[in-house]
Amino acid sequence: MLLENKHVVLAVTGGIAAFKAASITSLLRKQGAEVKCIMTAHATEFITPLTLREISGNPVATSLFGETPEFNVEHISLARWADIVVVAPATANIIGKIANGIADDLVSTVIMATQAPILLVPAMNSNMYANEIVQANLQRLSQYGYLSMEPDSGYLACGIEGKGRMPEPVDIIKEIEFQLSRTTRFTGKKVIVTAGGTREPLDPVRFLGNHSSGRMGFAIAKAAALTGAEVILITGATNLETPRGVSKRIDVTTTREMKDAVDQLYDDCDMVIKAAAVADYRVSCPAKNKIKKTDDRLELKLEKNPDILHSLGERKHKQILVGFAAETTNIVEYGMAKLQKKNLDMLVANDVSVEGAGFRGETNIATLLFADGTQEALPKMDKFELATIIMERAISIWEKRHA
Ligand code: PMT
């Protein structure tokens with residue numbers, strides 16, 4: 001869990017979205033974080049400190065002049081304790097106060113005193129959010145390094161439709177995870193990740209495809225974005241959401257579309273990780289209209305698709321190339337052969353016939369094979385955990401090559 005043992009100070013200010021502070025607190029704790037809530041006086045009109053105390057498991061501070069003796073000089077001790085301060089909801093008032101250096105209550109004082117990153121989650125009436133002063137304040141705070149999330153658009157508590165809704169708690173948690181986990185190890189580098197399965201049409205309603213859900217590739221894109229790299233995710237059909245931090249997503253259907261997308265971006269990228277399950281064959285002449293079931297037998301003529309990774313290996317200059325191999329037998333032997341044939345730096349071999357590995361599930365079991373002939377067998381683990389290890393090994397190869 002990315003938030004295991006992280007210290008989050010959740011600063012709740014006085015808007016109707018304050019009631020969502022309970023869900024944010026609960027989700028943070030489920031992800032392993034410790035949460036201390038602080039509230040402005042106005043916030044306590046919308047949700048009680050008692051509720052947040054019960055959900056966070058910690059005392060809730062509402063004033064500078066300590067009803068909670070557990071904290072020693074509260075604003076300083078909380079400011080030091082925090083790995084991140086999240087202001088949710090952040091009203092126009094607190095945004096204005098911070099932007100103008102005002103620290104006249106516990107929340108604004110903790111914000112002023114902390115050296116931890118501060119994430120503002122604005123939520124207010126859409127006219128207030130659009131107000132030039134609020135926008136100028138947010139811009140100013142961004143220049144000072146404050147982080148902020150865009151409000152959602154939709155039905156607002158004041159009865160109108162517009163931009164100003166607080167993002168959903170799950171999205172706030174994802175943003176906190178991203179901000180607390182990202183590094184700068186691969187900042188300035190470009191990484192292409194392919195994910196999902198390609199589909200080859202038979203007719204306008206049918207296709208040849210495979211079982212790839214896109215999970216493995218999306219986990220790699222998420223792990224790559226956390227290294228600070230610019231990540232371009234090229235994916236076959238999937239219903240997964242683009243991971244936070246991915247710079248660009250390109251959706252494709254067929255192998256040839258995936259090849260075109262990768263080829264266009266290849267020359268100035270630093271790393272390619274090909275987790276996609278690519279169709280090796282396509283139907284020679286897909287029917288223009290739906291094929292009718294008039295005959296007992298239907299014969300399809302297939303022709304070979306280009307091998308995207310093989311051609312990248314031939315054109316390789318500075319790039320680190322990482323391939324995957326979906327095997328059902330002799331995974332190391334077949335994997336090593338693919339690594340050499342496609343001129344790869346690393347290959348992730350997974351036995352897709354084993355329970356807990358390969359297609360669709362949340363976990364995978366892989367053996368990493370390297371160009372120098374070494375290998376690393378990994379136990380069953382969550383696909384994101386595996387993705388993090390793959391990124392670590394791939395960046396190490398890049399660093400050694402450029403030392
Ligand atoms: O998406 P999930 O449900 O999470 O499943 C993950 C996965 C099982 C799809 C993934 O872990 C995996 O094994 N991906 C590679 C599947 C595959 O196509 O393996 P392959 O052995 O056929 O291909 C070897 C490598 O060459 C792969 O990196 C593949 O992307 C690439 N390739 C293959 C054929 C082709 N025409 N062009 C290619 O670039």
Side-chain angles (χ1 to χ4, degrees), residues 192-200 208-223 233-241 243 251-263 265-266 271-282 302-316 319-369 378 380-387 389-390 394:
I192 297 175
V193 179
T194 69
T198 57
R199 292 176 174 180
E200 300 297 340
L208 291 179
N210 60 65
H211 293 298
S212 175
S213 62
R215 282 206 173 95
M216 191 66 242
F218 275 57
I220 291 170
K222 178 176 172 180
L233 173 61
I234 300 174
T235 180
T238 171
N239 50 16
L240 297 177
E241 264 179 45
D251 287 88
V252 296
T253 305
T254 65
T255 297
R256 284 181 297 173
E257 283 171 23
M258 183 171 275
K259 179 169 169 36
D260 286 347
V262 176
D263 281 352
L265 297 159
Y266 184 56
M271 185 180 287
V272 180
I273 306 188
K274 284 215 79 252
V278 181
D280 289 317
Y281 291 89
R282 64 176 181 275
L302 303 179
E303 62 189 75
K304 212 165 186 188
N305 264 330
D307 189 320
I308 307 169
L309 194 50
H310 189 271
S311 70
L312 298 183
E314 286 176 337
R315 285 167 56 201
K316 181 159 96 170
Q319 295 87 352
I320 300 298
L321 271 191
V322 180
F324 268 69
E327 303 291 353
T328 50
T329 52
N330 304 333
I331 70 159
V332 170
E333 188 190 332
Y334 291 153
M336 271 298 181
K338 276 183 190 167
L339 178 135
Q340 283 159 6
K341 192 169 160 215
K342 300 190 187 199
N343 191 21
L344 308 179
D345 299 284
M346 180 173 139
L347 183 128
V348 183
N350 44 189
D351 184 341
V352 292
S353 65
V354 170
E355 176 76 30
F359 294 107
R360 289 192 291 231
E362 299 288 348
T363 59
N364 205 351
I365 307 166
T367 300
L368 308 184
L369 308 176
L378 297 168
K380 177 165 138 182
M381 60 181 74
D382 182 85
K383 282 181 176 168
F384 177 67
E385 205 182 326
L386 174 60
I389 295 175
I390 292 169

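Sequence positions, counted from 1, serve as the residue numbers for this chain. Each ligand, and each atom within it, is numbered from 1 in the order the structure gives. Note that the structure is a prediction, hence the values are computed from the model and not measured.
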Considering only non-hydrogen protein atoms, determine which one is nearest to [atom] and report residue, atom name and distance to 0.1 Å.
atom	value
atom 28 (O) of ligand 1	Lys274 O, 2.7 Å
atom 6 (C) of ligand 1	Met216 CB, 3.6 Å
atom 38 (C) of ligand 1	Asp307 OD1, 3.5 Å
atom 26 (O) of ligand 1	Lys342 NZ, 3.0 Å
atom 25 (C) of ligand 1	Phe324 O, 2.9 Å
atom 35 (C) of ligand 1	Val278 CG1, 3.5 Å
atom 37 (N) of ligand 1	Ile308 N, 3.1 Å
atom 1 (O) of ligand 1	Ser212 OG, 2.6 Å

Under a 4.0 angstrom heavy-atom cut-off, which atoms of ligand 1 come close to [X]?
X	answer
Gly323	28 (O)
Asp280	34 (C), 35 (C), 36 (N)
Asn364	11 (O)
Gly358	5 (O), 6 (C), 8 (C)
Arg215	1 (O), 2 (P), 4 (O)

NZ (Lys259) and OG1 (Thr194) are apart, to the nearest 0.5 Å, by 13.0 Å
When rounded to the nearest 0.5 Å, the distance separating CG of Asp263 from CZ of Arg256 is 13.5 Å
Where the closest heavy atom to [atom] is concerned, which of [options] has it?
atom	options	answer
atom 3 (O) of ligand 1	Lys259, Arg360, Arg282, Glu362	Arg360
atom 22 (O) of ligand 1	Met258, Arg256, Lys338	Lys338
atom 11 (O) of ligand 1	Leu309, Asn350, Thr363, Ile273	Asn350
atom 30 (O) of ligand 1	Ala276, Ala326, Ser213, Ala325	Ala276
atom 14 (N) of ligand 1	Gly196, Gly236, Ala275	Ala275

- Message: Under the criterion side chain to side chain contact (heavy atoms under 4.5 Å, CB included), I'd like the reasoning laid out for Lys316 against Asp345: C-alpha separation, chi angles, the key distance, then a yes or no.
- Response: CA-CA 11 Å; Lys316 181 159 96 170; Asp345 299 284; 3.0 Å; yes
Of all heavy-atom pairs linking His310 and Asp307, the shortest is N-OD1, 3.0 Å
Nearest heavy-atom approach of Lys304 to Arg282 is O-NH1, 3.3 Å
Looking at side-chain heavy atoms only, is the closest gap between [X] and [Y] below 4.5 Å?
X	Y	result
Asp351	Ile365	no
Lys383	Glu362	no
Gln319	Tyr266	yes
Lys338	Leu344	no

Any heavy atom of Pro306 under 4.0 Å from ligand 1? The part involved is backbone
>> With a sphere of 6.0 Å drawn around NE2 of His211, does it hold more than 12 non-hydrogen atoms of other residues, nucleotides or ligands?
In response: no
| said: For the CD atom on Glu355, are there more than 12 heavy atoms of other groups (residues, nucleotides or ligands in this structure) within a distance under 6.0 Å? | reply: no
Please indicate whether any nitrogen or oxygen in Gly214 is less than 3.5 Å from any nitrogen or oxygen in ligand 1. yes
The single option from Thr235, Thr253, Thr255, Asn210 that satisfies side chain to side chain donor-acceptor pair (under 3.5 Å) with Thr198 is Thr255
